[in-house]
*Asks:* 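Provided herewith is a single structure, encoded as structure tokens, for subsequent inquiry.
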Amino acid sequence: MERTSSSSSDDDDDRQNLIEQNDRKLPTPRSDAVAAAFRIADDDIDNNSNNRHYFHHQLRRHFTSLKLGDLFNKRSFVLLAIFVPTFVVILFFVTDMKSLLFTTGNFSSSPYDSASGKLLESELRALYLLKQQQVSLFNLWNQTLPNPTNSTSNHSDPAQIPLLDDFKSAVLRQISLNRDIQQVLLSPHRTGNSTEPDFRDFGDFENPSLGDRCRAVDQQFSQRRTIEWKPNSNKYLFAICVSGQMSNHLICLEKHMFFAALLNRVLVIPSPKVDYQFSRVLDIEHINKCLGRTVVVTFEELDEKKKNHVHIDKFICYFSHPNPCYVDDEHVKKLKGAGVSMNKLESAWVEDVKKPTKRTVQDVQSKFSSNDDVIAIGDVYFADLEQKWVMQPRGPLAHKCKTLIEPSRLIMLTAQRFIQTFLGKNFVALHFRRHGFLKFCNNKQPSCFYPIPQAADCIIRVAERANAPVVYLSTDAAESETGLLQSLVVVNGKTVPLVKRPARNSAEKWDALLYRQGIEGDAQVEAMLDKTICAMSSVFIGASGSTFTEDILRLRKDWGSASLCDEYLCQGEDPNFIAENE
């Protein structure tokens with residue numbers, strides 16, 4: 001029995017568009033070099049056989065030409081009895097040795113005095129030409145490798161991406177075919193690890209190198225644009241995040257940190273009574289260590305400091321439509337239930353969630369600055385504030401860590417143990433969102449919901465490119481869908497396993513840390529564990545429009561694990577079949 005990933009809960013309000021990119025397959029031309037070599041070999045065997053028949057014929061003619069009277073001559077008979085057997089033995093010995101020498105090619109005086117010599121010369125010439133072709137193909141391949149300074153969101157012309165990928169795939173297939181032909185030609189001249197002297201120059205198949213096509217993206221961390229977060233220790237910003245599920249809230253928290261830095265305030269992590277229990281999935285103290293000062297506190301810490309009377313002096317709404325602060329009556333009740341009192345909600349400006357306006361640092365500082373001790377701003381998930389600055393790898397804040405918002409230490413260790421147990425260093429991770437995604441995707445242009453066979457073809461292309469033996473599957477799909485998908489993901493005649501986290505088994509120790517803490521089986525913990533495993537993969541395939549995927553991509557960028565081969569599932573393709581809307 002397998003556990004179902006809880007990643008589906010994170011994508012109710014996803015809104016990411018597809019980036020056009022495509023991989024297509026080109027027909028592979030075939031070579032007749034090997035067949036020609038075998039035909040030459042057959043001719044050589046026929047020639048040796050004809051030599052033997054010739055000597056037998058000459059011997060029979062010699063006996064026929066003898067006169068009957070000579071046979072009764074004793075002297076002649078004795079000489080004949082000695083000469084004929086000796087002649088036959090010498091004749092057959094010389095014939096076999098000559099054939100043997102031409103076959104091995106060690107002492108042939110001329111490469112053209114027998115069929116065997118011609119075959120040897122042809123093999124050497126063919127290998128030489130193949131080696132020249134191999135060098136040219138490698139040079140061509142290296143010219144097609146992506147620029148390492150560009151990420152998966154590079155600025156290449158989207159219309160050229162499918163053509164370039166087709167070309168690269170065709171070159172790679174020709175390199176593989178070239179190697180296969182060389183191996184076939186060399187195989188008769190190899191014994192164990194040794195190669196015949198004439199063929200030793202053709203034994204190296206790894207020179208020049210292919211290079212790492214799916215190498216890590218150079219994020220150019222040294223060129224980050226950052227600001228210092230040095231808050232006033234008595235001024236607080238209360239984070240209000242209500243849109244969507246856990247992934248949305250994590251993105252909201254990250255934006256709130258930027259607001260807090262701009263307003264010189266300490267950020268207050270929401271109470272579990274109002275929001276998710278972030279302390280189970282995040283290392284909150286890690287943020288303070290990265291900044292070298294206290295920049296975030298939990299609600300419980302603030303409540304203790306305020307002696308169980310937390311009051312929001314000013315509640316400022318970033319969005320005014322469809323309703324102020326994107327907060328409903330239910331959320332207000334939760335805040336009051338947690339012991340929080342507040343003044344009336346007020347909007348900073350007219351702003352619609354569906355059409356956010358691009359804002360600047362100056363806009364925020366002029367509208368949200370205040371002398372009050374505790375202010376709240378909400379919800380900022382959809383805020384379009386200095387987007388390029390905020391979304392850069394490792395974020396807009398100056399700190400000494402890889403990332404500020406990352407999984408807890410327990411989840412990180414558990415992910416590493418799972419990878420060591422089931423996956424190994426080189427694996428592809430796939431976020432395969434299905435539950436509730438059909439209707440969501442079909443309301444987008446283009447749709448992002450792909451039929452299983454089409455999805456399998458896209459996964460195969462990435463697995464081939466990454467040369468990965470296994471795919472980690474983070475999904476909410478039904479067994480009927482994952483079973484069909486597994487049967488179709490085949491590379492070079494071998495099924496590529498799609499690995500999901502198994503049900504709890506006391507014989508397995510990879511998840512023992514979570515079990516001992518009593519958080520094994522928690523939906524949010526398992527979702528964060530899935531994210532962490534995906535973020536640690538060699539190559540990641542995401543679901544377009546999913547904030548679960550977007551949070552994984554954020555971690556990969558911040559950790560430096562983002563690959564040139566990372567992409568959305570079937571990126572650049574439309575589904576080959578789309579159902580009508582209701």
Side-chain angles (χ1 to χ4, degrees), residues 227-242 249 252-279 282 284-320 324-329 331-349 351 359-381 383 385 396-399 404-405:
I227 62 170
E228 295 288 336
W229 186 2
K230 297 180 178 180
N232 185 324
S233 59
N234 294 318
K235 302 293 182 181
Y236 299 93
L237 171 61
F238 208 100
I240 303 294
C241 297
V242 295
H249 287 224
C252 178
L253 277 180
E254 188 175 29
K255 289 186 175 181
H256 265 107
M257 291 195 302
F258 188 44
F259 274 77
L262 293 176
L263 301 173
N264 298 317
R265 290 179 174 271
V266 175
L267 183 65
V268 181
I269 304 297
S271 165
K273 297 178 181 179
V274 177
D275 209 325
Y276 292 102
Q277 191 168 351
F278 291 107
S279 60
L282 301 178
I284 296 174
E285 190 55 34
H286 162 81
I287 301 173
N288 292 326
K289 291 178 180 177
C290 292
L291 272 296
R293 64 186 72 92
T294 300
V295 293
V296 295
V297 295
T298 64
F299 172 80
E300 290 74 21
E301 290 173 327
L302 178 63
D303 194 37
E304 182 179 353
K305 185 173 183 178
K306 295 293 184 179
K307 298 180 179 179
N308 300 321
H309 182 68
V310 176
H311 177 73
I312 298 176
D313 301 307
K314 197 170 187 178
F315 203 132
I316 310 172
C317 299
Y318 190 94
F319 290 98
S320 57
C325 292
Y326 210 62
V327 171
D328 55 16
D329 293 338
H331 194 79
V332 173
K333 288 179 182 179
K334 288 182 178 179
L335 286 170
K336 291 180 177 179
V340 178
S341 60
M342 67 193 78
N343 294 328
K344 185 179 178 180
L345 278 62
E346 56 183 274
S347 296
W349 43 46
E351 189 82 357
R359 302 291 183 179
T360 66
V361 167
Q362 292 73 25
D363 292 334
V364 170
Q365 290 175 331
S366 64
K367 291 292 184 178
F368 295 93
S369 294
S370 171
N371 290 324
D372 296 302
D373 289 345
V374 181
I375 68 171
I377 301 176
D379 178 328
V380 298
Y381 170 74
L385 171 65
L397 305 177
H399 59 84
L404 294 178
I405 296 181

*Asks:* Does a sphere of radius 6.0 Å around CG in Asp328 hold more than 12 heavy atoms from other residues, nucleotides or ligands, not counting ones at 6.0 Å or beyond?
*Replies:* yes
*Asks:* Under 4.5 Å between any side-chain heavy atoms of Phe238 and Met342, yes or no?
*Replies:*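 Heavy-atom side-chain distance check fails, nothing below 4.5 Å.
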*Asks:* Return yes if some donor-acceptor pair links the side-chain N/O of Lys235 with the main-chain N/O of Arg265 below 3.5 Å, else return no.
*Replies:* no
*Asks:* For Ala260 and Leu267, which heavy atoms make the closest approach, and how far apart are they?
*Replies:*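 Taking every non-hydrogen atom into account, CB-CB, 4.3 Å.
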*Asks:* Return the minimal non-hydrogen interatomic distance between Val296 and Asn288, and the atom names on each side.
*Replies:*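 In this case the closest contact between Val296 and Asn288 is N-OD1, 3.0 Å.
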*Asks:* Any pair with a residue in residues 335-346 that passes side-chain hydrogen bond (donor to acceptor under 3.5 Å, both in side chains), sequence neighbours left out, goes on the list, sorted by first then second residue, please.
*Replies:* His311-Ser341
*Asks:* Is a side-chain donor or acceptor of Thr298 paired with a backbone partner of Ile269 at a separation under 3.5 angstrom?
*Replies:* no
*Asks:* Do Arg359 and Glu351 have side chains that approach each other closer than 4.5 Å (heavy atoms only, starting at C-beta)?
*Replies:*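 Answer yes - side chains close enough.
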*Asks:* Counting N and O atoms only, with roles assigned by atom type, does the side chain of Lys314 sit under 3.5 Å from a partner on the main chain of Ser370, one being a donor and the other an acceptor?
*Replies:*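 Not confirmed, Lys314 side chain does not pair with Ser370 backbone.
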*Asks:* Which residues pass the side chain to side chain donor-acceptor pair (under 3.5 Å) test with Asp275, not counting sequence neighbours?
*Replies:*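 Asp275: side chain to side chain donor-acceptor pair (under 3.5 Å) contacts with His249.
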*Asks:* Looking at Ser366 and Asp363, would you say the former's side chain and the latter's main chain have a donor-acceptor pair under 3.5 Å?
*Replies:* yes
*Asks:* Is it the case that the side chains of Tyr236 and Lys305 hold a donor-acceptor pair, with the cut-off being a distance below 3.5 Å and no angle test?
*Replies:*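 A donor-acceptor contact under 3.5 Å links the two side chains.
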*Asks:* Counting C-beta onward and ignoring hydrogens, is there a side-chain heavy-atom pair between Val274 and His331 closer than 4.5 Å?
*Replies:*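 Answer yes - side chains close enough.
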*Asks:* Describe, in one word, how the ring planes of Phe368 and Tyr318 are oriented to each other, choosing from parallel (under 30°), tilted (30 to 60°) and perpendicular (over 60°).
*Replies:*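 Taking Tyr318 first and then Phe368, their aromatic rings lie parallel (interplane angle under 30°).
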*Asks:* If you define the side chain from C-beta out and look only at heavy atoms, does anything of Tyr381 sit under 4.5 Å from Cys241?
*Replies:* no
*Asks:* Where is the tightest heavy-atom contact between Leu253 and Pro270, given as atom of each residue plus distance?
*Replies:*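 Scanning both residues, the minimum pair turns out to be CD2-CD, 4.2 Å.
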*Asks:* Short question: side chain of Asp313, backbone of Val374 - any donor-acceptor pair under 3.5 Å?
*Replies:* yes
*Asks:* Let's go through Asp379 and Val327 carefully: what are the C-alpha distance in whole Å and the side-chain angles of both, what is the deciding distance for side chain to side chain contact (heavy atoms under 4.5 Å, CB included) to 0.1 Å, and is it a yes or a no?
*Replies:* CA-CA 8 Å; Asp379 178 328; Val327 171; 5.9 Å; no
*Asks:* Heavy atoms only: give me the nearest His256-Ile240 pair and the separation to one decimal.
*Replies:*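 Scanning both residues, the minimum pair turns out to be CE1-O, 3.3 Å.
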